[in-house]
Protein chains: 2
Amino acid sequence: MRAGETAGSEARARYERIYHTLRDRICLLDYPPGMRLREEDLAAEFATSRTPVRRVLARLEDEGLLRSVHGVGTIVTDIEIDDLQQVYQLRVELAELFGRVAPNVPGPEEMRQYRSLLARCEELVRKPDAREFARLNMEFFHLFTQLTANEPLRAISERLYYQTTRIWLKTASRLAAYEDMLLNEIHVFQREMTDIVAAIECGNLLAAGHIRRAHIAMSFARLYAAAHPEGASAAPI
Amino acid sequence: MRAGETAGSEARARYERIYHTLRDRICLLDYPPGMRLREEDLAAEFATSRTPVRRVLARLEDEGLLRSVHGVGTIVTDIEIDDLQQVYQLRVELAELFGRVAPNVPGPEEMRQYRSLLARCEELVRKPDAREFARLNMEFFHLFTQLTANEPLRAISERLYYQTTRIWLKTASRLAAYEDMLLNEIHVFQREMTDIVAAIECGNLLAAGHIRRAHIAMSFARLYAAAHPEGASAAPI
DNA sequence: ATGAAGCCTGATGTACACATCATCACGTCG
DNA sequence: CGACGTGATGATGTGTACATCAGGCTTCAT
């Protein structure tokens with residue numbers, strides 16, 4: 001809900017609520033790739049009819065998270081790291097635009113949230129948990145987007161982020177060295193946040209964008225390597 | 001329709017047809033800003049019920065071209081050059097990515113299309129027509145997007161393009177120096193196409209992106225100046 | 001026993017009746 | 001005479017029955 005926007009009907013609010021709920025479930029793998037969602041079940045859960053649910057599903061389909069097939073069902077799309085290379089490449093380029101295009105210096109409240117995330121990250125090092133890590137990553141992303149005042153850039157980055165974020169949980173869950181990978185990712189993430197907060201505190205938002213860019217690219221490279229164990233070829237980004 | 005995609009049902013095809021038809025009408029000002037669309041009229045025109053129409057309208061609303069208000073109607077959004085500054089700024093940055101990210105060298109067929117557009121542009125110089133100019137601009141845009149093989153970049157650029165393209169027709173139609181502005185824009189557009197084709201023929205896709213970037217920025221500046229006649233401040237891009 | 005044809009089930013897609021909401025015109029009251 | 005309240009009207013939002021479609025299971029013929 002954007003500030004300053006007309007409160008509007010509560011119908012819109014319910015629509016947004018269902019949308020965010022389903023999107024989170026898909027991206028946290030509560031709805032794993034390939035799972036079939038029944039519109040009537042969702043309608044029952046949200047105490048409504050199929051009609052509003054279908055609008056949400058249509059949007060999630062436009063965004064590439066779902067695929068409705070007549071006579072079959074509404075299916076959570078599967079993702080492969082190879083198919084996401086283009087999206088990652090674009091995310092890498094866009095990361096640099098934060099802090100360069102319409103830079104928006106964070107206020108005290110936002111800095112407090114950054115520190116809160118860092119604290120939760122330290123907690124996570126002691127008790128690693130993939131799902132909590134994914135959530136933390138998500139919240140950090142939303143905080144990071146506020147580095148720019150450019151609304152379309154925020155919206156587009158969000159769209160691309162949610163197209164890719166599942167791949168980490170999916171890849172990790174299949175791996176033998178699951179625990180090691182998780183702990184490593186948490187440490188890397190901790191360093192990324194620390195560095196970005198440091199850059200912001202210096203007032204150097206451009207640097208924050210560059211750090212973010214590097215980490216997105218490296219994250220892709222690690223996922224690519226994990227999915228291609230004997231791959232002689234390096235990650236294409 | 002992406003190549004290699006399952007042909008799918010004809011229901012999907014009809015959905016796409018309605019979507020593209022309405023989007024073109026909005027962007028060519030057949031449906032001017034503020035106009036109210038009646039879902040039943042549209043349903044009757046496309047020989048279907050309100051349900052499929054509503055799905056199209058929902059998508060156009062997500063893309064910012066429409067706004068549905070309960071009890072009032074579905075209204076074509078109004079646009080002001082000042083509100084589009086952020087979108088233009090992002091388009092400027094994205095333009096540079098074409099030809100740099102996943103460059104896709106045009107084949108003979110595409111070069112033929114470029115030359116066809118140039119020929120139609122020369123024709124347009126002799127018989128200026130705002131609507132035809134807008135159409136030509138649109139077709140050129142689609143051709144230009146093929147400079148990259150990065151599908152998400154294409155999709156996002158298209159979304160942003162259709163959010164902004166109406167502003168030219170709207171601004172021009174209100175201006176006293178309408179004829180002069182139109183002819184000038186056509187000449188500028190002719191030069192832009194000529195330069196970009198030249199860059200492509202040199203195999204320098206990066207240059208094509210830079211030219212495009214410059215022209216998007218200048219186009220915004222001209223529109224901004226036209227909308228702020230006594231504006232002491234320069235265009236913010 | 002095996003293969004194919006056809007039905008049966010359950011899903012999404014469509015159509016339509018109804019609910020809800022905003023606007024405007026009209027009438028009534030101060 | 002003006003202003004406020006109320007109902008008519010027409011729009012979108014919702015709920016639901018039905019149409020359409022795909023896939024699996026059964027059944028019959030070979």
Side-chain angles (χ1 to χ4, degrees), chain A residues 1 5-23 25-26 31-78, chain B residues 1 5-23 25-26 31-78:
Chain A
M1 203 83 54
E5 210 168 303
T6 34
S9 56
E10 63 190 75
R12 183 89 45 155
R14 177 172 64 180
Y15 164 75
E16 294 283 344
R17 196 182 101 248
I18 297 176
Y19 168 74
H20 283 110
T21 302
L22 293 188
R23 191 182 63 176
R25 286 182 187 172
I26 293 171
Y31 296 158
M35 178 174 178
R36 286 213 321 237
L37 306 182
R38 282 179 19 89
E39 297 180 348
E40 281 197 57
D41 289 349
L42 294 174
E45 178 186 346
F46 293 104
T48 179
S49 77
R50 280 178 57 206
T51 309
V53 170
R54 279 179 60 76
R55 182 175 171 174
V56 172
L57 296 184
R59 177 167 168 191
L60 288 169
E61 186 175 0
D62 284 339
E63 293 177 356
L65 300 183
L66 292 178
R67 199 178 95 249
S68 282
V69 184
H70 191 176
V72 178
T74 302
I75 297 151
V76 178
T77 53
D78 198 4
Chain B
M1 203 84 56
E5 207 167 306
T6 35
S9 56
E10 61 191 75
R12 183 90 44 157
R14 176 173 64 181
Y15 164 74
E16 293 283 344
R17 196 181 102 249
I18 298 177
Y19 168 74
H20 283 109
T21 303
L22 294 187
R23 191 181 63 175
R25 286 181 186 171
I26 293 171
Y31 295 158
M35 179 174 177
R36 286 215 319 236
L37 305 182
R38 281 182 19 91
E39 295 180 350
E40 282 198 55
D41 289 349
L42 294 174
E45 178 187 344
F46 293 104
T48 179
S49 77
R50 280 176 58 205
T51 308
V53 169
R54 279 180 60 77
R55 180 174 172 174
V56 172
L57 297 184
R59 177 166 169 192
L60 289 169
E61 186 175 0
D62 284 338
E63 294 176 355
L65 299 184
L66 291 179
R67 199 179 92 250
S68 282
V69 183
H70 192 176
V72 176
T74 302
I75 297 152
V76 178
T77 54
D78 198 4

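Naming: A, B, ... by sequence-line order, numbering from 1 per chain.
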Exercise. Classify the nucleic acid contact of A:Arg67 as base, sugar-phosphate or nothing, counting any heavy atom under 4.0 Å across all strands shown.
Key: nothing

Exercise. List in chain and number order the residues that pass salt bridge (charged side-chain N to carboxylate O under 4.0 Å, His left out) with B:Arg36, two or more places apart in sequence or in another chain; answer none if no residue qualifies.
Key: none

Less than 3.5 Å apart, which donor and acceptor atoms pair up between the side chains of residues 66-76 of chain B and the rest of the protein, not counting sequence neighbours?
from, atom 1, to, atom 2, distance (Å)
B:Ser68, OG, B:Thr74, OG1, 3.1

Self-check item: chain B contact limits on DNA chain D, taken 5' to 3' with a cut-off of 4.0 angstrom to heavy atoms
Solution: D:dG10 to D:dT14

Self-check item: A:Glu63 and A:Arg59: CA distance, side-chain angles, deciding distance, salt bridge (charged side-chain N to carboxylate O under 4.0 Å, His left out) verdict
Solution: CA-CA 6 Å; A:Glu63 293 177 356; A:Arg59 177 167 168 191; 3.2 Å; yes

Practice problem: Could you check if a side-chain atom of B:Leu42 sits within less than 4.5 angstrom of a side-chain atom of B:Val56, using non-hydrogen atoms only? | Solution: no

Quiz item: Reading nucleotides 16-24 of chain C 5' to 3', which nucleotides get B (base under 4.0 Å from a protein heavy atom), which S (sugar-phosphate only), which -?
Solution: BB--BBS--

Quiz item: Going by heavy atoms in the side chains, are B:Leu37 and B:Leu22 under 4.5 Å from each other?
Solution: no

Quiz item: Residues in salt bridge (charged side-chain N to carboxylate O under 4.0 Å, His left out) with A:Arg14, at least two apart?
Solution: none

Practice problem: Just jot down the salt bridge (charged side-chain N to carboxylate O under 4.0 Å, His left out) partners of B:Arg25, sequence neighbours excluded, or say none. | Solution: B:Glu45

Self-check item: Partners meeting side chain to side chain contact (heavy atoms under 4.5 Å, CB included) with A:Ser49 (sequence neighbours left out)
Solution: A:Thr51, A:Pro52

Taking only nitrogen or oxygen atoms into account, show me every contact under 3.5 Å that the protein makes with nucleotides 6-8 of chain C, one pair per line with its distance.
none

Practice problem: Look at A:Ser68 and C:dT12 and indicate whether a side-chain polar atom (N or O) is within less than 4.0 Å of OP1 or OP2. | Solution: no

Quiz item: Please, which pairs that meet salt bridge (Lys or Arg N to Asp or Glu O under 4.0 Å) have at least one residue in residues 47-58 of chain B, sequence neighbours excluded?
Solution: A:Glu61-B:Arg55, B:Glu39-B:Arg50, B:Glu39-B:Arg54

Exercise. Indicate, with a heavy-atom threshold strictly under 4.0 Å, whether B:Ile75 touches base, sugar-phosphate, or nothing.
Key: nothing

Quiz prompt | Non-neighbouring partners of B:Asp78 that pass side-chain hydrogen bond (donor to acceptor under 3.5 Å, both in side chains), sequence neighbours left out | solution = B:Lys170

Quiz item: Tell me, which of residues 38-46 of chain B have any heavy atom that sits under 4.0 Å from an atom in DNA chain C?
Solution: none

Quiz prompt | Gap separating the OG1 atom of B:Thr21 from the CD atom of B:Glu16, nearest 0.5 angstrom | solution = 10.5 Å

Self-check item: Neighbours of DNA chain D within residues 52-64 of chain B, by heavy-atom distance under 4.0 Å
Solution: B:Arg54

